[in-house]
Every structure is written in C-alpha cells, then in structure tokens.
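Worksheet: the structure to be examined is printed underneath.
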Amino acid sequence: MKNLLLIIIFAIGFTACDQAVKGRNDVVYKSAGQYNDYIVGYQTILMKNLVSLGEVAQTNLDSAYKMLDKFILDIEDKIASIKGMPPFKGDSSLRDAAISSFEFYKKISGNEYKQIINIRNNGGDSSEDGIAELKRIVDQMTLEEERFDKTFHNAQKDFADKNHMMLGENEMQKKIEKMKE
C-alpha cells in the first residue's frame with residue numbers, strides 16, 4: 001500500500017511539473033519554447049519600434065518626439081505583461097532579465113532619446129559642442145545596452161540549456177547590428 005501511495009504521489013508530482021502554467025497576464029505557457037517566444041515576441045516588437053523611431057527621426061523630429069510618448073506607453077504595457085508571467089518551473093531569470101532590459105529601453109526613451117531629439121531640434125547637431133554631446137549620449141547608451149543585452153542573452157542561453165531548447169537566430173537583431181555598423 002505504501003508503495004502504491006508513493007507511486008501515485010510521484011506520478012501526480014511528475015505530471016504537475018509538465019502541466020501548462022498560467023500567469024497573471026492570463027497567458028498559458030505549455031512549454032519552455034512558448035515561454036521564451038512570448039518574451040522574444042515582445043522584444044522583436046520593441047526592436048521594430050526602435051528602428052521605426054530612428055527612421056522617422058531622420059526626417060521629422062516632431063513626429064519622432066510624439067512616437068516616443070507612444071513607445072514609452074507600449075513598453076510599460078509589455079513590462080506589465082512580462083511581470084505577469086510566472087516563473088517557468090521555478091526559474092524567473094529569463095523573465096527578470098527581460099524586465100530589466102525593457103525597463104532600460106523605457107528609461108532611455110524617456111531620457112536619452114528625448115535629449116537627442118531636443119539637441120537636434122535646437123540645431124545642436126550642426127555645432128561641435130552639440131555633436132560632442134550627441135556622441136557622449138549615444139556612447140553611454142551603447143555601453144549600457146551592451147550590458148543589458150549580454151545579461152538577457154546569458155539568461156536566455158541558460159534557460160534554453162536548462163529546458164533542452166535550441167535557440168534560433170534573431171533576424172531583427174541582425175538588422176539592428178547592421179544599422180550600428
């Protein structure tokens with residue numbers, strides 16, 4: 001009888017580990033891949049929006065400034081949704097790294113990107129001091145971004161390893177890297 005009881009408890013515990021989990025964001029995650037893809041989907045949208053913002057800023061600073069306000073609200077929504085994700089099998093490192101990354105993009109959207117637009121809008125991109133200030137801001141953002149990207153990449157790699165997942169290449173990331181060159 002004890003053995004049967006132990007087997008039943010083990011079977012229930014084992015199947016509970018493989019069951020789908022539902023987060024406070026009302027999304028059900030049936031696998032590690034779905035969990036990862038949910039975050040990466042939001043990350044891809046964020047990167048597309050950044051690319052669009054950069055394109056608009058080349059031709060219309062007023063429109064770019066207005067886009068920033070919408071962009072910040074969109075990032076806030078994505079942060080709230082990701083915060084609503086449960087840990088996957090007790091592991092919250094990927095989710096937490098994504099939240100930190102998104103909070104970084106929210107911060108620079110509200111601060112550094114607005115500073116860049118203001119400097120350019122005031123003609124600062126045609127003076128030596130203005131160009132130096134723009135370079136300083138961009139260099140600082142790039143250093144910070146590299147740190148967040150590395151942290152997220154490592155968390156994603158660890159998550160994939162723990163959950164026996166293969167990670168594919170992110171085409172949007174390739175586009176962004178090309179733009180930086």
State, with a plain yes or no, whether a side-chain heavy atom of [X] is found less than 4.5 Å away from one of [Y].
X    : Y    : answer
I45  : D74  : yes
Q43  : F152 : yes
Y105 : M47  : yes

For [X] and [Y], work out which heavy atoms get closest and say how close.
X    : Y    : value
S93  : A155 : O-CB, 3.9 Å
I75  : S109 : CD1-OG, 4.0 Å
S127 : G130 : OG-N, 3.0 Å
T151 : A97  : O-CB, 4.3 Å
Y29  : P86  : CE1-CD, 3.7 Å
Q115 : I137 : OE1-CD1, 3.4 Å

Y35 vs F88 aromatic rings, parallel, tilted or perpendicular, using cut-offs 30° and 60°?
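Aromatic pair Y35/F88 classed tilted.
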
Quick one: pull up CG in N154 and CG in D149 and give me the separation to the nearest 0.5 Å.
10.5 Å

Quick check on salt bridge (Lys or Arg N to Asp or Glu O under 4.0 Å): which of E145, E112, E76 does K107 satisfy it with?
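With K107 as partner, E145, E112, E76 yield a single salt bridge (Lys or Arg N to Asp or Glu O under 4.0 Å), made by E112.
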
Would K78 and F102 count as a cation-pi pair here, with the cationic atom under 6.0 angstrom from the ring centre and within 45° of the axis?
no

Any salt bridge (charged side-chain N to carboxylate O under 4.0 Å, His left out) involving residues 64-73? Give me the pairs, sequence neighbours left out, ordered by first then second residue.
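For residues 64-73, and leaving out neighbouring residues, the salt bridge (charged side-chain N to carboxylate O under 4.0 Å, His left out) pairs sorted by first residue read D69-K114.
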
How would you list all residue pairs meeting salt bridge (charged side-chain N to carboxylate O under 4.0 Å, His left out) that involve residues 150-167, not counting sequence neighbours?
D91-K162, K157-D161

Are the charged groups of R136 and E133 less than 4.0 angstrom apart, N to O?
yes

